[in-house]
Amino acid sequence: MGTSSDKKNIVIFASGSGSNAQRLLEHFEHHPHIQVVALFSNNPDAFALQRAQNFGVPTGVFDRAALRSGEVLEQVQAYNPDLIVLAGFLWLLPSAFVQAFPNKIINIHPSLLPKFGGKGMHGQHVHQAVINAQEAESGITIHYVNEHYDEGAPIYQERCPVQPDDTCETLAARVLTLEHRHLPRVVEELLTSGKNSPETPTA
Ligand code: GAR
């Protein structure tokens with residue numbers, strides 16, 4: 001496997017719908033210097049897999065045993081990734097996987113970390129917690145991935161208001177719009193600035 005072109009390679013990990021993956025697939029479909037080379041999922045029913053296949057991008061599905069054993073690491077290494085993007089990926093990556101790709105794994109999270117992050121904080125759980133806490137604003141965080149949920153160094157944040165009459169659904173939609181707008185741009189900037197090179201220290 002792998003790619004013979006001299007483009008920078010993105011590997012996406014996604015667990016569900018994959019609307020962020022879709023934005024990445026669209027943004028880099030005809031890009032001169034960057035390409036999405038594979039999408040992996042822990043969920044065989046993830047619509048994200050279909051989205052990747054629609055773009056002719058190879059997909060892989062794995063279980064916890066394959067992730068723990070290093071099998072997934074080997075499969076991903078074969079694609080020679082310059083950046084691994086967790087786009088709605090809900091499992092914690094093992095240390096060996098994280099350490100194999102220093103500064104090359106990023107995650108998008110639907111809140112202003114460090115608020116409303118950590119184990120179990122994903123999707124609707126995040127937005128409900130934000131509403132319950134009567135926050136005036138929420139937003140997105142794109143950050144490097146380490147061995148802990150949502151704790152790696154932040155790369156980019158964008159804010160949006162929380163309206164008094166917001167439901168989980170209306171807030172989720174507002175935040176998701178921000179994700180779609182900014183994720184492809186931030187990924188492109190990282191790959192063209194070389195900020196994700198192994199020499200760059202994490203904060
Ligand atoms: C996105 O809102 C993403 O930020 C969130 O899951 C959603 C996936 O949507 N990720 C997390 O909560 C990670 N902790 P998508 O499958 O439509 O891209």
Any residue meeting side-chain hydrogen bond (donor to acceptor under 3.5 Å, both in side chains) with Asn132, in chain and number order, not counting sequence neighbours = Gln128
For Gln22, what residues pass the side chain to side chain contact (heavy atoms under 4.5 Å, CB included) criterion, not counting sequence neighbours?
-> Glu26, Arg51, Phe55
Of all heavy-atom pairs between Pro58 and Tyr79, which one has the smallest distance, and what is that distance?
-> CB-OH, 3.5 Å
Report the hydrophobic cluster partners of Tyr149, with the cluster defined as I, L, V, M, F, W, Y residues connected by side-chain heavy atoms closer than 4.5 angstrom, directly or transitively.
-> Leu92
Where at least one partner belongs to residues 114-140, residue pairs that pass salt bridge (charged side-chain N to carboxylate O under 4.0 Å, His left out), sequence neighbours excluded | Lys115-Glu135, Glu137-Arg159
For Gln77, the side-chain hydrogen bond (donor to acceptor under 3.5 Å, both in side chains) test, sequence neighbours excluded, returns none
Do Leu25 and Ile142 share a hydrophobic cluster, counting only Ile, Leu, Val, Met, Phe, Trp and Tyr and linking them when any side-chain heavy atoms are less than 4.5 Å apart?
-> yes
What residues form a side-chain hydrogen bond (donor to acceptor under 3.5 Å, both in side chains) with Glu29, not counting sequence neighbours?
-> none
Write out all pairs satisfying salt bridge (charged side-chain N to carboxylate O under 4.0 Å, His left out) with one or both partners inside residues 59-69, taking only residues at least two apart or from two chains.
-> none
Note: Ala14 and Ala87 closest approach over all heavy atoms is CB-O, 3.4 Å
Residue pairs passing the salt bridge (charged side-chain N to carboxylate O under 4.0 Å, His left out) test with at least one member in residues 160-171, sequence neighbours excluded, are Asp166-Arg174
Partners meeting side chain to side chain contact (heavy atoms under 4.5 Å, CB included) with Asn42 (sequence neighbours left out) | Ser15, Phe62, Phe89, Trp91
side-chain hydrogen bond (donor to acceptor under 3.5 Å, both in side chains) against Glu151, all qualifying residues, sequence neighbours excluded | none
Sequence neighbours left out, what passes side chain to side chain contact (heavy atoms under 4.5 Å, CB included) with Arg181? Give chain and number order.
-> Thr177, Leu178
Hey, do the aromatic rings of Tyr144 and Phe101 have their centres closer than 6.0 Å?
-> no
Hits for side chain to side chain contact (heavy atoms under 4.5 Å, CB included) against His27, two or more places apart or cross-chain, chain-then-number order -> Pro184, Glu188
Using distance alone, with no hydrogens and no angle criterion, decide if Thr59 and Gln53 have a side-chain donor and acceptor under 3.5 Å apart.
-> yes
